[in-house]
Amino acid sequence: MPTTAAPLPITPPRFTTTRLDALPLEPAYAEEMAAVLADSALYVFTGGEPPAPAALRARYERQCAGSPDPGERWWNWVLRVRGDGSLAGYVQATVRGPRAEIAWVVGTPWQGRGYASEAAQGLAAHLVAAGGVRELVAHIHPDHAASAAVAVAAGLGPTEEWEDGERRWAGSVTVPPVP
């Protein structure tokens, strides 16, 4: 008898890595995250500018409400460094069936410590376990070497496809074998 998979929850389940807690996004994080995202250097490759706390809160409210498409989930997490309790960035995934488009941002003060790679690897594993994801996709500016390294760490490789000046990176993920 065929079964239908239960729909994914709107709010994503939290997950952890060795040093990070990935907490489901809430509008209450807007003020602290505005400080994390305040360095204009974060927008060199993606465009835009640092968000004001009120604008970020409004964006978080929209993201937390979820996609208007019932077949798509907007899963967003803030990254809390377990060692000192500070928020350091975020990861996100737009999940549609077995495919997820992922992205990550780590604030300038926390860069160079491996947090982005750790978070992206944790996100990939979490999406397989919690969301049934089998394919990951990211879009990366061709000159953004740090993001390319994070993509490789998450199991993605560059494709020949481009969108809005960014290269599409993709990778298949598998369910780990049960011991």
**Request:** Determine, step by step, whether W169 and V152 satisfy the side chain to side chain contact (heavy atoms under 4.5 Å, CB included) criterion, reporting the C-alpha distance in whole Å, the side-chain angles of both residues, the deciding distance to 0.1 Å, and the verdict.
**Result:** CA-CA 9 Å; W169 289 62; V152 169; 3.7 Å; yes
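- Looking at S86 and D84, their side chains do bring a donor and an acceptor atom within 3.5 Å of each other.
- Between V150 and S117, the closest side-chain pair of non-hydrogen atoms falls below 4.5 Å.
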**Asked** Is there a side chain to side chain contact (heavy atoms under 4.5 Å, CB included) between L23 and W77 once you walk through the steps?
**Response** CA-CA 5 Å; L23 308 172; W77 297 263; 5.8 Å; no
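- Annotation: side chain of P68 is in contact with side chain of W74 (closest heavy-atom distance under 4.5 Å).
- Here R80 contributes atom CZ and R14 contributes atom CZ; the two are 9.5 Å apart, rounded to the nearest 0.5 Å.
- In plain terms, the two heavy atoms of Y90 and M33 that are nearest each other are CD2-CE, 3.9 Å.
- The two atoms that bring L136 and A154 nearest to each other are CD1-O, 4.1 Å, heavy atoms only.
- Residue P53 comes nearest to A30 through the heavy atom pair O-CB, 3.8 Å, listed as atom of the first residue, atom of the second, then distance.
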**Request:** Could you go through the side chain to side chain donor-acceptor pair (under 3.5 Å) check for H144 and E166 one step at a time?
**Result:** CA-CA 10 Å; H144 201 320; E166 294 181 322; over 6 Å; no
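- Between A119 and L20 the shortest heavy-atom distance is CB-CD1, 3.9 Å.
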**Item:** Pair H141-R167, side chain to side chain contact (heavy atoms under 4.5 Å, CB included): steps then yes or no
**Value:** CA-CA 6 Å; H141 189 283; R167 180 176 286 232; over 6 Å; no
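- H126 has its side chain within reach of P13: a pair of non-hydrogen atoms, C-beta onward, lies under 4.5 Å apart.
- E72 approaches S67 most closely through the heavy-atom pair OE1-OG, 3.0 Å.
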**Message:** Pair V133, R99 - check side chain to side chain contact (heavy atoms under 4.5 Å, CB included), show working.
**Reply:** CA-CA 5 Å; V133 169; R99 182 174 183 248; 6.0 Å; no
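- The distance from atom OG1 of T11 to atom CH2 of W75, rounded to the nearest 0.5 Å, is 10.0 Å.
- Side-chain contact between V137 and I102: absent, with no pair of heavy atoms (C-beta onward) separated by less than 4.5 Å.
- Residues R59 and P51 approach most closely at NH2-CB, 4.0 Å, considering heavy atoms.
- Between atom CG of residue D21 and atom CZ of residue R82 there is a gap of 4.0 Å, rounded to the nearest 0.5 Å.
- Checked by atom type and distance alone, the side chain of R73 never pairs as donor or acceptor with a backbone atom of G66 at under 3.5 Å.
- The structure places CH2 of W104 at 14.5 Å from CD of E118, a figure rounded to the nearest 0.5 Å.
- Within a 6.0 Å radius of CD in E61, more than 12 heavy atoms belonging to other residues, nucleotides or ligands are found.
- N76 CG to L25 CG: the interatomic distance, rounded to the nearest 0.5 Å, is 5.5 Å.
- One hydrophobic cluster holds both L42 and V78 under the rule that ILVMFWY side chains link at heavy-atom gaps under 4.5 Å.
- Between the side chain of R96 and the backbone N or O of G71, at least one donor-acceptor pair lies under 3.5 Å.
- Results of the side-chain contact (heavy atoms from CB on, under 4.5 Å) test with L79 over L123, L87, V91 single out V91 as the only residue that passes.
- No more than 12 heavy atoms of other residues, nucleotides or ligands shown are found within 6.0 angstrom of CG on D164.
- Both L127 and F15 are assigned to one and the same hydrophobic cluster, defined by single-linkage of ILVMFWY side chains at heavy-atom distances under 4.5 Å.
- Judged purely by atom type and a 3.5 angstrom limit, Y43 uses its side chain to pair as donor or acceptor with the backbone of L37.
- Between atom CD of residue Q92 and atom CD of residue Q63 there is a gap of 6.0 Å, rounded to the nearest 0.5 Å.
- Hydrophobic clustering, with ILVMFWY side chains joined whenever heavy atoms are under 4.5 angstrom apart, groups L156 together with I140.
- When the side chains of ILVMFWY residues are joined at heavy-atom separations under 4.5 Å, either directly or via intervening members, V36 and Y115 end up in a single hydrophobic cluster.
- The pair E135-R168 meets the salt-bridge criterion, with a side-chain N (NZ, NE, NH1 or NH2) lying under 4.0 Å from an Asp/Glu carboxylate O.
- Cluster membership check: W110 shares its hydrophobic cluster with Y29, using side-chain heavy-atom separations under 4.5 Å among Ile, Leu, Val, Met, Phe, Trp and Tyr.
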